[in-house]
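Values reported hereafter were calculated over all heavy atoms of this structure, with side chains retained and with hydrogens, waters and symmetry mates removed. Protein chains get the first letters and strands the later ones, always in sequence-line order, with residue 1 at the start of each.
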There are 2 protein chains.
Amino acid sequence: MTRRSYPKGLAKREEILATALKVIAERGFGGATLRELAEASNLSITGLVHHFGTKEQLLTEVLRRRDEVDADAYEMDRLPETAAAMIERLATLVDRNAAVPGLVTLYSNLSADAAAPEHPSHEYFRERYEQSQDLGRDSLSHLQELGELPAGVDPGDLAQLMIAAVDGLQLLWQYDQSIDMTRGLRALGALLALANEGGRSADE
Amino acid sequence: MTRRSYPKGLAKREEILATALKVIAERGFGGATLRELAEASNLSITGLVHHFGTKEQLLTEVLRRRDEVDADAYEMDRLPETAAAMIERLATLVDRNAAVPGLVTLYSNLSADAAAPEHPSHEYFRERYEQSQDLGRDSLSHLQELGELPAGVDPGDLAQLMIAAVDGLQLLWQYDQSIDMTRGLRALGALLALANEGGRSADE
DNA sequence: GTCTATACTCGGATAGAC
DNA sequence: GTCTATCCGAGTATAGAC
């Protein structure tokens with residue numbers, strides 16, 4: 001894409017993104033208007049727009065930033081060696097998100113809005129989901145080869161289920177923050193473990 | 001609440017809701033502005049507002065209508081007798097939704113927006129999720145008693161996972177309508193079956 | 001009790017000066 | 001690269017006609 005053009009504006013962009021993230025984290029998604037964000041950056045609205053084009057593009061960049069940080073935490077490049085380990089990685093991710101409710105709300109709202117194909121952030125989410133599905137499928141296939149997962153289930157289907165569960169739990173959690181999102185995930189983990197025992201005895 | 005007051009306006013309300021549903025189903029969620037909906041009902045904007053108060057309340061009523069229809073399809077009052085049957089009920093629901101993309105989009109967007117406690121539709125969704133969780137927990141407990149579900153998993157946790165999965169799959173599906181949402185659910189169904197075999201042999 | 005007209009707010013986007 | 005000024009679209013609030 002035509003991003004990151006001149007090195008001068010880049011520093012300013014990063015500065016704006018950092019304050020935007022802080023504002024959203026502190027004051028919640030409600031404060032994520034161009035006016036509030038501009039004010040927090042000591043800039044006019046047009047100043048912001050000059051750097052990011054639209055509000056949505058700005059917010060997308062905020063999420064993209066979080067993705068980069070999360071990618072390290074999840075250890076994307078290492079396939080998990082056990083089903084339990086995979087679930088725990090997801091649980092860690094989800095727990096980290098729970099510490100920043102404003103970002104969770106931003107994510108839920110933007111991902112719902114951007115479902116419309118014309119939406120400026122549509123491509124971002126489409127790619128993101130595609131990558132997540134690929135990663136999940138690869139991880140689960142790997143586990144299947146290791147005998148950590150029953151052969152009867154399709155890794156692609158299960159990957160979709162997991163991604164959907166993570167997104168859905170974050171939505172549910174916004175309505176009742178007493179919910180521990182990791183419990184739902186670990187319940188799935190328990191099922192995976194039991195299913196593997198069951199499948200194994202059927203194999204032999 | 002102070003709804004359904006006079007029997008005269010009730011008919012008009014129903015008429016408006018029906019056209020709103022048709023507009024959203026045909027033209028998608030993008031057309032769900034007060035202007036479009038008013039036009040479709042041959043009414044002024046204030047005419048609509050008079051009947052429903054705010055745009056969100058109108059849209060909430062549209063969803064509430066669908067809930068009522070779905071409640072019959074799901075057979076809420078009958079607890080499922082097998083895990084597979086429970087999964088199939090969810091699959092049926094999700095398939096019916098897939099036939100009306102506009103409503104799915106409406107649901108995703110409104111449920112994300114209404115996560116803010118001040119939002120007029122917040123209570124609707126909060127109650128809806130609460131009821132869904134209760135129903136899911138009861139169903140799963142029942143299955144556990146029947147020996148259709150391993151004793152090791154918590155029905156409440158699993159219910160949350162299922163609800164989250166349904167919502168999440170609907171979001172995912174909006175980004176790639178070639179996805180068959182029922183596959184994710186059936187993958188979970190397969191896990192439940194395998195886990196029960198595994199758990200059973202451990203019991204004895 | 002039902003509806004309309006008008007006017008207001010707020011959020012986002014755009015044009016053009018400096 | 002940043003601002004001032006302006007516009008537009010969407011939702012809401014009020015007064016009042018029938």
Side-chain angles (χ1 to χ4, degrees), chain A residues 2-17 19-20 23-24 27-62 102 105-106 109-110 112-114 116 118-122, chain B residues 2-20 23-24 27-62 105-106 109-110 112-114 116 118-122:
Chain A
T2 45
R3 258 179 224 107
R4 267 139 223 158
S5 22
Y6 22 75
K8 187 64 172 300
L10 208 152
K12 194 77 185 179
R13 272 176 63 102
E14 291 304 311
E15 192 188 318
I16 293 171
L17 283 177
T19 37
V23 168
I24 293 169
R27 302 211 279 266
F29 176 61
T33 71
L34 281 182
R35 278 164 181 77
E36 297 251 355
L37 296 177
E39 203 171 322
S41 291
N42 289 320
L43 231 59
S44 70
I45 292 177
T46 8
L48 274 198
V49 170
H50 172 255
H51 286 289
F52 292 94
T54 69
K55 177 198 175 193
E56 275 76 25
Q57 281 167 20
L58 196 169
L59 294 179
T60 306
E61 290 306 314
V62 171
T105 311
L106 168 60
N109 278 84
L110 203 53
D113 286 351
E118 332 80 66
H119 193 284
S121 310
H122 184 78
Chain B
T2 44
R3 262 184 220 108
R4 267 138 223 160
S5 23
Y6 23 76
K8 186 65 173 300
L10 210 154
K12 194 77 186 178
R13 272 176 63 102
E14 291 303 311
E15 192 188 317
I16 293 170
L17 284 177
T19 37
V23 168
I24 293 169
R27 301 211 279 264
F29 176 61
T33 73
L34 280 183
R35 278 160 182 80
E36 297 251 356
L37 296 177
E39 203 171 323
S41 290
N42 289 320
L43 232 61
S44 70
I45 292 177
T46 9
L48 274 198
V49 171
H50 172 255
H51 287 288
F52 292 94
T54 71
K55 176 197 177 193
E56 273 76 26
Q57 280 165 20
L58 196 168
L59 294 178
T60 307
E61 290 305 313
V62 171
T105 311
L106 168 59
N109 278 86
L110 203 52
D113 286 350
E118 332 81 65
H119 194 284
S121 310
H122 184 78

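Following rounding to the nearest Å, B:His50 (NE2) and D:dT12 (C1') show an atom-to-atom distance of 15 Å. Regarding A:Asp113, its CG atom lies at a distance of 15 Å from the P atom of D:dA10, rounded to whole Å. As rounded to whole Å, 6 Å separates atom P of D:dT2 from atom CG of A:Leu43. As a whole-Å value, the separation of A:Phe52 CZ from D:dT2 P is 11 Å. Here the P atom of nucleotide D:dG1 and the CG atom of A:Asn42 are 19 Å apart, to the nearest Å. Nucleotide D:dC3 holds its P atom 9 Å from the CG atom of A:Leu48, rounded to whole Å. Distance CD1 (A:Ile16) to P (D:dG1): 11 Å, rounded to an integer number of Å.
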>> With side-chain contact (heavy atoms from CB on, under 4.5 Å) as the criterion, how do A:Leu43 and A:Glu15 come out once you've worked through the C-alpha distance, each side chain's angles and the decisive distance to 0.1 Å?
In response: CA-CA 12 Å; A:Leu43 231 59; A:Glu15 192 188 318; over 6 Å; no

>> As a quick check of understanding, evaluate side-chain contact (heavy atoms from CB on, under 4.5 Å) for A:Thr60 and A:Phe52, giving each step before the final call.
In response: CA-CA 10 Å; A:Thr60 306; A:Phe52 292 94; over 6 Å; no

>> Before you tell me yes or no, could you show the steps for B:Leu37 and B:Ile45 under side-chain contact (heavy atoms from CB on, under 4.5 Å), namely the whole-Å CA-CA distance, both residues' side-chain angles and the distance that decides it to 0.1 Å?
In response: CA-CA 8 Å; B:Leu37 296 177; B:Ile45 292 177; over 6 Å; no

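Legend: residues meeting side-chain contact (heavy atoms from CB on, under 4.5 Å) with B:Ala114, ordered by chain and number and at least two apart, are A:Tyr175, B:His119, B:Ser121, B:Phe125. Listed by chain and number, the residues in a side-chain contact (heavy atoms from CB on, under 4.5 Å) with A:Thr19 are A:Ser41 (sequence neighbours excluded). Contacts of A:Arg27 classified as side-chain hydrogen bond (donor to acceptor under 3.5 Å, both in side chains), with partners at least two apart in sequence or in another chain: A:Glu36. For A:Ser44, the side-chain hydrogen bond (donor to acceptor under 3.5 Å, both in side chains) test picks out A:Thr46, with sequence neighbours left out.
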> What string of B, S and - do you get for nucleotides 7-18 of chain C, 5' to 3', if B is base contact, S is sugar-phosphate-only contact and - is no contact with any protein heavy atom under 4.0 Å?
Replying inline: ----BBSBB---

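Remark on the helix from C:dG1-D:dC18 to C:dC18-D:dG1: inter-end axis angle 10°, axes from five-pair C1' superpositions, rounded to 10°.
To the nearest 0.5 Å, atom CG of residue B:Leu48 and atom NZ of residue B:Lys55 are 11.5 Å apart.
Between A:Leu17 and A:Leu58, the closest side-chain pair of non-hydrogen atoms falls below 4.5 Å.
Contact check, B:His51 against C:dG1: no side-chain N or O comes under 4.0 Å of OP1 or OP2.
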